[in-house]
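These notes concern the structure reproduced below.
Heavy atoms only: backbone and side chains are in, while hydrogens, waters and symmetry mates are out.
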Amino acid sequence: GITMVAISRSNVRRVRRGHGGLAMLDNLPYISQLSYTDRLLLLIGAALLCTVTFASFFLISGILVGSGLTDSTTKDPRLSPELRKMGLSDQELLLRGGGKRIVVGPHKLDSEENAVALDIIKILDCDGLQEEMEREWNTVLDAKRVAKEDSERWQKEEEQWNSNNRRRRLQMELDSVQDAMEFDMEQQEEESNGDMMDDFMGEPGEFGFGDFGGGSGYYEDNTQLTLTAHHLFCLAAEGITLPKSTTVEESDPSIHCDIDNFQTRESLLNLWSSARAQVSEDIIKKTLDLVTEHKETLRGHDVHMWYPKGDQGSEGMLRVLNSAFDGSLIYNFDSEPAEDGQHDDLYRFWDLPSQFVGENKLFVDVGSALGFTSMLMAYMYPRTTIVSIEPASPSWLIQNINFRCNLSEEQRSYVHPILAGVGTKHHDDNDSMMKMVWKPSMTTATRNWNIERDFDFAKDIELTVHLRTLRAILAEATPEDLPLGTPISVLNLDCEGCEYNLIPSMHETSFKSIRLILGRTNWGFIPLNKKPSSERAEDTHKRLCTHYNFAKRCKECCDFPTLPVRPRLQSTPEESITEEADMGFGDVEFEDQTDNSSIPSESTVADVAGSLCDGFGAWAEENNLHDVPDDYGWNEMSAYVRVGSR
């Protein structure tokens with residue numbers, strides 16, 4: 001039979017098999033029960049797990065070291081000992097900009113300049129601009145290559161045309177000679193045909209063989225890298241590098257503004273700091289992207305002006321400032337050549353009386369736009385203190401760029417640009433506001449009476465302008481070395497209507513102390529529902545029309561035909577008064593010209609204006625000169641004129 005045997009664990013003797021390195025696993029719980037294959041797989045898995053763990057550790061350690069998140073025992077070499085004294089972590093110090101030291105040639109930016117440069121790089125995204133510029137440069141290089149290939153092709157076609165033309169002419173001459181031997185009349189006919197063919201063939205290039213594809217300027221826009229003020233500030237911050245040309249005969253892209261000059265670079269960094277404190281980021285970036293550099297002249301001074309492309313206001317102002325210089329046309333307005341070839345003295349900046357300019361003399365430019373007039377003053381009348389007042393922040397920013405890129409450091413020390421609008425003095429308040437619109441297509445016409453349908457939402461900018469009194473602005477702007485209480489020698493008043501705020505607010509003594517006022521009035525241009533009161537207009541016009549150039553040009557002055565007018569001031573006291581000599585002004589001394597009582601009574605608006613006052617009654621009625629009862633429309637918080645209003 002079958003014998004049953006009881007087997008217990010204690011009666012079983014383990015048999016150990018020698019499997020090399022795997023035998024050590026026999027002592028581990030549960031592992032000893034696995035087969036050899038299972039043990040091998042387990043060992044391989046454990047090895048892989050260790051490998052992944054170590055790799056992950058080193059990877060995370062590298063990331064922490066690179067981001068400055070390691071403990072204080074790991075010193076980031078980019079952080080200086082001075083920065084570490086602040087007690088902040090490496091990460092916080094790096095976020096504060098302590099991780100980059102900007103060096104320009106042999107100069108290292110100081111801590112404030114370094115912080116400003118890093119702010120420029122961040123706000124203007126100079127890294128992104130670098131990539132965009134490189135893409136545009138590659139496009140430009142492709143366009144140049146295509147233009148070169150087309151030019152070579154056009155030249156080859158022109159040479160072939162000329163060659164065929166010469167062969168035809170030679171054959172015609174040979175035929176003429178042969179025919180002349182037999183038929184004299186046919187010879188004459190052939191010569192006539194030859195002349196006709198010559199007329200048809202024309203001269204090489206007469207029919208535009210050098211202008212295939214749209215003319216010589218066809219590729220102009222595509223073969224130039226457009227550099228804006230955006231690039232200028234990134235260059236000043238060492239945030240971008242301009243690309244290089246690929247051939248020797250081509251010039252590298254460049255900006256004329258000398259940012260390699262450390263003083264110029266510092267001044268641009270200081271400008272950025274000032275702008276960031278007064279202007280929003282959006283307006284700064286939008287303005288800088290619109291502005292490019294243009295080679296111009298200011299009465300013989302070579303300049304490189306920054307202004308938006310297609311800015312009719314800047315182009316017109318340059319015409320006025322260069323009026324009658326070196327053969328230029330005479331302009332009394334930016335787009336209006338003088339009909340009689342004579343200046344009417346609205347803008348006579350190049351012919352100012354010598355005793356009104358120079359050291360310790362004050363020129364105030366109200367509504368200075370992009371700073372062209374102030375620059376001309378700095379060039380023509382050295383050491384004259386210039387206060388340049390501009391209400392529009394985009395124009396203020398651009399004029400500061402123009403000053404820094406064109407004027408020397410010494411010249412800039414006499415120019416004081418102020419961002420503010422000139423307002424009225426109301427209950428002793430120095431602060432108020434007004435809505436205005438800045439148009440890059442007409443930067444000289446920032447105002448609060450714009451036609452709403454003309455607003456360009458893509459480019460135009462609506463601004464809230466800070467209004468201050470002229471006295472407060474001058475107290476801030478004039479340097480300490482200018483004698484206290486220095487009167488305004490020359491006031492340029494071209495501010496799209498701000499004269500109705502400024503002039504009535506001035507004390508009579510302050511107004512009479514101004515030796516010469518330039519500019520014009522704007523009542524006839526302002527639509528009815530944005531006009532100031534007729535009372536304010538009368539106060540303004542009655543004061544301004546005592547100055548010769550206003551009486552001669554501004555029709556508003558005809559409202560006061562018997563008002564005494566100061567004589568036209570010449571550039572030197574010794575010169576006689578030209579047009580007013582016959583009116584009895586030849587003996588008037590310059591020291592007495594601020595006192596209207598010294599002016600002969602027969603010198604009046606009617607005498608100076610002449611035919612300008614013809615039809616004044618109808619003009620005054622049409623423009624509601626005496627019909628506006630209050631300032632409600634003028635002070636309305638809107639920069640626009642309602643559609644359908646005048």
Side-chain angles (χ1 to χ4, degrees), residues 362 364-369 387-393 395-396 417-438 444-450 462-477 488 490-514 517-547 550 554 556-557 559 623-625 628-641:
L362 181 58
V364 178
D365 190 5
V366 181
S368 53
V387 176
S388 177
I389 305 173
E390 172 55 36
S393 52
S395 290
W396 172 85
I418 297 293
L419 175 58
V422 179
T424 60
K425 185 178 181 181
H426 183 64
H427 300 303
D428 295 324
D429 290 336
N430 183 40
D431 293 295
S432 56
M433 59 172 283
M434 180 174 281
K435 293 284 189 178
M436 296 185 181
V437 169
W438 181 81
T444 56
T446 299
R447 56 201 183 199
N448 71 327
W449 40 278
N450 304 273
E462 184 176 1
L463 304 169
T464 301
V465 175
H466 182 196
L467 301 182
R468 303 171 59 191
T469 64
L470 181 62
R471 175 175 292 186
I473 293 173
L474 294 181
E476 173 187 335
I488 299 174
V490 182
L491 174 64
N492 181 38
L493 200 59
D494 190 10
C495 53
E496 301 298 313
C498 85
E499 64 269 18
Y500 299 108
N501 286 339
L502 169 60
I503 300 302
S505 299
M506 297 187 71
H507 190 278
E508 184 68 18
T509 302
S510 298
F511 179 79
K512 286 186 175 182
S513 68
I514 303 174
I517 302 181
L518 304 175
R520 65 179 181 182
T521 51
N522 290 275
W523 183 270
F525 301 102
I526 303 174
L528 174 59
N529 69 342
K530 290 295 290 184
K531 289 182 185 292
S533 67
S534 295
E535 180 182 1
R536 180 179 294 278
E538 181 179 0
D539 292 343
T540 302
H541 299 153
K542 197 168 186 177
R543 282 184 166 184
L544 289 176
C545 293
T546 60
H547 286 260
F550 282 88
C554 299
E556 294 89 335
C557 294
D559 202 25
N623 289 278
N624 304 96
L625 183 61
V628 183
D630 50 50
D631 290 326
Y632 278 86
W634 179 247
N635 291 325
E636 182 186 5
M637 291 303 170
S638 171
Y640 305 103
V641 178

Looking only at atom types and distance, does a side-chain atom of [X] sit under 3.5 Å from a main-chain N or O of [Y], one as donor and one as acceptor?
X	Y	answer
E499	G497	yes
E556	W523	yes
Y500	K531	no
K530	S638	yes
N529	G633	no

Might you point out which heavy atoms bring [X] and [Y] nearest each other, and give the distance in Å?
X	Y	result
G524	N623	O-OD1, 3.4 Å
P527	V641	CG-CG2, 3.6 Å
P532	V628	O-CG1, 3.2 Å
C498	V366	SG-CG1, 3.6 Å

I need the [X] [atom1] to [Y] [atom2] distance, nearest 0.5 Å.
X	Y	atom1	atom2	answer
C495	N522	SG	CG	7.5 Å
R468	S432	CZ	OG	11.0 Å
T540	L493	OG1	CG	9.0 Å
M506	I488	CE	CD1	5.0 Å
M433	T464	CE	OG1	4.5 Å
N501	M434	CG	CE	5.0 Å

Quiz item: Are side-chain N/O atoms of S533 and D630 paired as donor and acceptor at under 3.5 Å?
Solution: no
Using side-chain heavy atoms (C-beta onward) and a distance below 4.5 Å, is [X] in contact with [Y]?
X	Y	result
I418	E476	yes
S393	L463	yes
I389	L470	yes
L467	T424	no

Quiz item: Is there a side chain to side chain contact (heavy atoms under 4.5 Å, CB included) between D539 and I503 once you walk through the steps?
Solution: CA-CA 8 Å; D539 292 343; I503 300 302; over 6 Å; no
Exercise. Start with the C-alpha gap between N492 and V490, add the side-chain angles, then the distance that decides, and say whether side chain to side chain contact (heavy atoms under 4.5 Å, CB included) holds.
Key: CA-CA 7 Å; N492 181 38; V490 182; 5.6 Å; no
Quiz item: How far apart are the C-alpha atoms of L491 and F511, what are their side-chain angles, what is the distance that settles it, and do they pass the side chain to side chain contact (heavy atoms under 4.5 Å, CB included) test?
Solution: CA-CA 10 Å; L491 174 64; F511 179 79; over 6 Å; no
Self-check item: Lys/Arg cation over aromatic F525: R447, 6.0 Å, 45° cone
Solution: no
Quiz item: After noting the C-alpha distance and the side-chain angles of S505 and T469, does the key distance pass the side chain to side chain contact (heavy atoms under 4.5 Å, CB included) rule?
Solution: CA-CA 8 Å; S505 299; T469 64; over 6 Å; no
Exercise. Answer yes or no for C557 and C545: SG-SG distance under 2.5 Å.
Key: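 Correct, these two cysteines form a disulfide.
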Quiz item: Does a side-chain N-to-carboxylate-O contact under 4.0 Å join R543 and E508?
Solution: yes
